[in-house]
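Report on the structure given below.
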Amino acid sequence: MSAARILVIAMAVLVEGLSGAVIDQFSSGEQMVSKSVPSSEEVLADPVELSGSLFATRTMSVWYGVQSLRVNTTLGRMEYVNVDSGLPGNDRGYFEVFYQAAGPVDLRADGANAIRLSFHHLAPIDRYFSRFGVTMESNLGVGGGSGSVVSSGQGYTVDIPFADFSNVDLTTVTSLRIQESRLPEGHAFSLSFIETVPEPRSILLMLAAAPFLLPRRRDFD
């Protein structure tokens, strides 16, 4: 095996170790909130405590459309659906998931530079479900970022680079918010993981540059 190949494999193993930290794996904090009639009234679930997470509590809410948002800890998933009810005014759904920290959280502590949302199911993939956004608050200020939905073979992922959060001190994050709006009837997803990760572009650059980091072999006549 060539030295370049050995170096690439070693760097891949190193990157694999930079797995970041868990924001929510939906193994704690069973929760559900729903609306049966379209209206602007917000329905809010009580905060629940989380275990194994960077954040202390999770709160969920929905408004406008006939919707349900549930954390199923048995399956380890957050499930959302805007029901195809046929009722007047049910052409848009709003939901929000809010995470509150017990104290300032350093999202960069584990070598991460992106937030990843991993979906078990997401449909339909259209302009409403082509991107997802996250808003964070820190001691410095508030900022938001978004990422495109990418098929992962076992579902879908959304990576949101930390570079998008220009007004946020990522070492003192106090809250994180996932919110989508104006979702039409029939839109649904099953979210299985929220975590911090090394951004894929950085990984690819590291692996692509690896062979050039080795000293070149000299050919002798």
Check the hydrophobic clustering (I, L, V, M, F, W, Y; side-chain heavy atoms under 4.5 Å; chains of links allowed) and say if [X] and [Y] are grouped together.
{"X": "M32", "Y": "V81", "value": "no"}
{"X": "V105", "Y": "V142", "value": "no"}
{"X": "F119", "Y": "V22", "value": "no"}
{"X": "V62", "Y": "F98", "value": "no"}

### Message
Checking S118 now: which residues fulfil side chain to side chain contact (heavy atoms under 4.5 Å, CB included) with it, not counting sequence neighbours?
### Response
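For S118, the residues satisfying side chain to side chain contact (heavy atoms under 4.5 Å, CB included) (neighbours in sequence not counted) are R116, T157, S192, F193, E195.
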
Looking at [X] and [Y], would you say the former's side chain and the latter's main chain have a donor-acceptor pair under 3.5 Å?
{"X": "D110", "Y": "A112", "value": "no"}
{"X": "T196", "Y": "G20", "value": "no"}
{"X": "S138", "Y": "G141", "value": "yes"}
{"X": "Q31", "Y": "R58", "value": "yes"}
{"X": "D84", "Y": "G186", "value": "no"}

Looking only at heavy atoms, what is the nearest atom pair of [X] and [Y], with distance?
{"X": "L69", "Y": "S61", "result": "CD2-O, 4.3 Å"}
{"X": "I23", "Y": "L50", "result": "O-CD1, 4.3 Å"}
{"X": "V66", "Y": "N82", "result": "O-OD1, 3.0 Å"}
{"X": "E79", "Y": "S190", "result": "CG-OG, 4.1 Å"}
{"X": "S51", "Y": "S28", "result": "N-OG, 3.0 Å"}
{"X": "G93", "Y": "Y80", "result": "CA-OH, 4.1 Å"}

### Task
Could you go through the side chain to side chain contact (heavy atoms under 4.5 Å, CB included) check for D24 and F55 one step at a time?
CA-CA 8 Å; D24 204 342; F55 293 85; over 6 Å; no

### Query
What about F129 and Y156, are their ring centers closer than 6.0 Å?
no

### Query
What about the rings of F95 and F189, do their centers lie closer together than 6.0 Å?
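Judged by ring-centre distance (under 6.0 Å), F95 and F189 do meet the cut-off.
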
### Query
Step by step, would you call Q67 with L183 a side chain to side chain contact (heavy atoms under 4.5 Å, CB included)?
CA-CA 10 Å; Q67 309 161 85; L183 295 174; 5.7 Å; no

### Message
Please evaluate residues I160 and F165 with respect to the criterion side chain to side chain contact (heavy atoms under 4.5 Å, CB included), reporting the C-alpha separation (whole Å), side-chain torsions for both, the decisive distance (0.1 Å), and the verdict.
### Response
CA-CA 9 Å; I160 306 169; F165 300 93; 3.8 Å; yes

### Query
So how far is it from L176 CG to Q100 CD, rounded to the nearest 0.5 Å?
10.5 Å

### Message
As an exercise, state the distance from CG of L170 to CG of L140, rounded to the nearest 0.5 Å.
### Response
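Reported to 0.5 Å precision, the distance equals 9.5 Å.
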
Measure the shortest side-chain to side-chain distance between [X] and [Y] over non-hydrogen atoms and say whether it is less than 4.5 angstrom.
{"X": "Y94", "Y": "R182", "result": "yes"}
{"X": "R92", "Y": "S181", "result": "no"}
{"X": "P124", "Y": "H187", "result": "yes"}
{"X": "Y99", "Y": "V97", "result": "yes"}

### Task
Show your working on side chain to side chain contact (heavy atoms under 4.5 Å, CB included) between L117 and I178 and close with a plain yes or no.
CA-CA 10 Å; L117 311 179; I178 301 171; 4.0 Å; yes

### Query
What residue pairs, at least two apart or across chains, pass side-chain hydrogen bond (donor to acceptor under 3.5 Å, both in side chains) with a residue in residues 142-153?
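For residues 142-153: R131-S146, R131-S148.
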
Considering residues at least two apart in sequence or located in another chain, which fulfil the salt bridge (Lys or Arg N to Asp or Glu O under 4.0 Å) criterion with [X]?
{"X": "R77", "answer": "none"}
{"X": "E30", "answer": "R70"}
{"X": "E96", "answer": "R177"}

## Note on the structure
Residues pairing under salt bridge (Lys or Arg N to Asp or Glu O under 4.0 Å) where one sits in residues 40-57, two or more places apart or in two chains, turn out to be none

### Query
Among N72, L75, I194, which residue meets the side-chain contact (heavy atoms from CB on, under 4.5 Å) test with F26?
I194

